[in-house]
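One-based numbering, in listed order, for ligands and for the atoms of each. Only this structure's heavy atoms are used, side chains among them; waters, hydrogens and symmetry mates stay out.
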Amino acid sequence: MKHNFYAGPAILPEYTIEKSIEAIRDFNGTGLSLLCISHRSKDFDKVMNSAVEMTKKLLDIPEGYSVIFVGGGATTQFYNIPFNFLAKKGAYLDTGTWPSGAIREAKLWGEVDVVASSKDKKYNYIPKNFTIPADADYFEICSNNTIEGTEIFEDFDSPVPLISDMSSDIFSRPVDVSKYAMIFAGAQKNFAPAGVTMVIIKDSFMEKSVRPVPTLSNYKKLAEKNSMINTPPVFPIFAALKTMEWIEAEGGVKAMEKRAIARADRVYEVLENSKMFVPNIPDPKDRSRMNITFAMKPEYAELADAFLTLSKERDCVGLAGHRSVGGFRASTYNALPMESVDALVALIKEFEAAH
Ligand SMILES: *Cc1c(COP(=O)(O)O)cnc(C)c1O
């Protein structure tokens, strides 16, 4: 068995893979592949409606919100948000590479207020005690910093519409959706193959588009047409639905949270007590449950390559840190079984004992 620690595209439940294979062979007993049928067919319409309904159910989304599925990655939302909503000023919390990408795009459309940044310490913490400007058009955060390994667990009270990039921690814990004007998540970290991004958006917020935008950038039109203005990414939406069915069957996002805590606690504990390794994120409260970043202590730095070599021999795949950070990263998404966490812990202990 391979232990898959890739950050994205990343591990999916076996259920999602199996159901996808079935549907690619013969979708719903139609005798046709899911890949080869019209997105306007009744069978696919049902998939789209179920994906919307399941998202609402799993995240307990209140009335007055729409769920849409759009092509392109989460990065498309980096520009689409300011395009639609930045009239004068967008406020941002700069906690890493992904949010700084969103900030860069927003500057194309107007003033950007970086409310706080952890760039001074290579994004190894979540800034605290910042004030969200009441005159901003919106406040955007990234709840889980996939590359650096920090996570925001709080659903902030914001005086302006709150937006969160939850690409890498969506469905890993309950979220108070009522606090957000918009949540978006690229699929390939925690729920489906690449190619689709989920957008949860408050209906009253999407009315507020501040300039004319092209049809496919228009959230309201996308919502009205049930994400089918043009051909949606049919296959990843199907796979997303299967993952959501799996999450529900496993006990929902509360159960996912429990497992995420158990996985992360186990790995961080081993790293904390290691003579050789050290977690990148010093404050336990800021540490991501989804992307555990760590490094060799300086005195063992020359052993980094040897660790990655052994990890491959022990079937632990995808442990190299992001190229911009270096070191190591164990992504421990929803579908990762405890068995794989055990394998990682055994790998670390074996390596330490050998050196
Ligand atoms: C991966 C990632 C993105 C970018 O997603 P794409 O689908 O590649 O555009 C954005 N935000 C976060 C938090 C991510 O992890």
**Student:** Can you confirm whether or not the ring centre of F277 sits under 6.0 Å from the ring centre of Y300?
**Tutor:** no

**Student:** Might you confirm whether atom NZ of K179 has over 12 heavy atoms from other residues, nucleotides or ligands at distances under 6.0 Å?
**Tutor:** yes

**Student:** With a 4.0 angstrom cut-off on heavy atoms, strictly below it, pick out the residues next to ligand 1 and order them by chain and number.
**Tutor:**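 For ligand 1, the contacting residues are G73, A74, T75, F78, W98, C142, N144, T146, D165, S167, S168, Q188, K189.
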
**Student:** Classify the angle between the aromatic ring planes of F294 and F328 as parallel (below 30°), tilted (30 to 60°) or perpendicular (above 60°).
**Tutor:**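 Rings of F294 and F328: tilted, 30 to 60°.
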
**Student:** Aromatic ring centroids of F85 and Y219 under 6.0 Å?
**Tutor:**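 Distance test on ring centres: under 6.0 Å, yes.
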
**Student:** Kindly state each residue pair satisfying ring-ring contact (aromatic ring centres under 6.0 Å, His included) with at least one member in residues 143-173, sequence neighbours excluded.
**Tutor:**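 Every pair satisfying ring-ring contact (aromatic ring centres under 6.0 Å, His included) with a residue in residues 143-173: F130-F156, F171-F191.
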
**Student:** For the pair F235 and F238, name the ring-plane relationship: parallel under 30°, tilted 30 to 60°, perpendicular over 60°.
**Tutor:**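 F235 vs F238 ring planes: parallel.
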
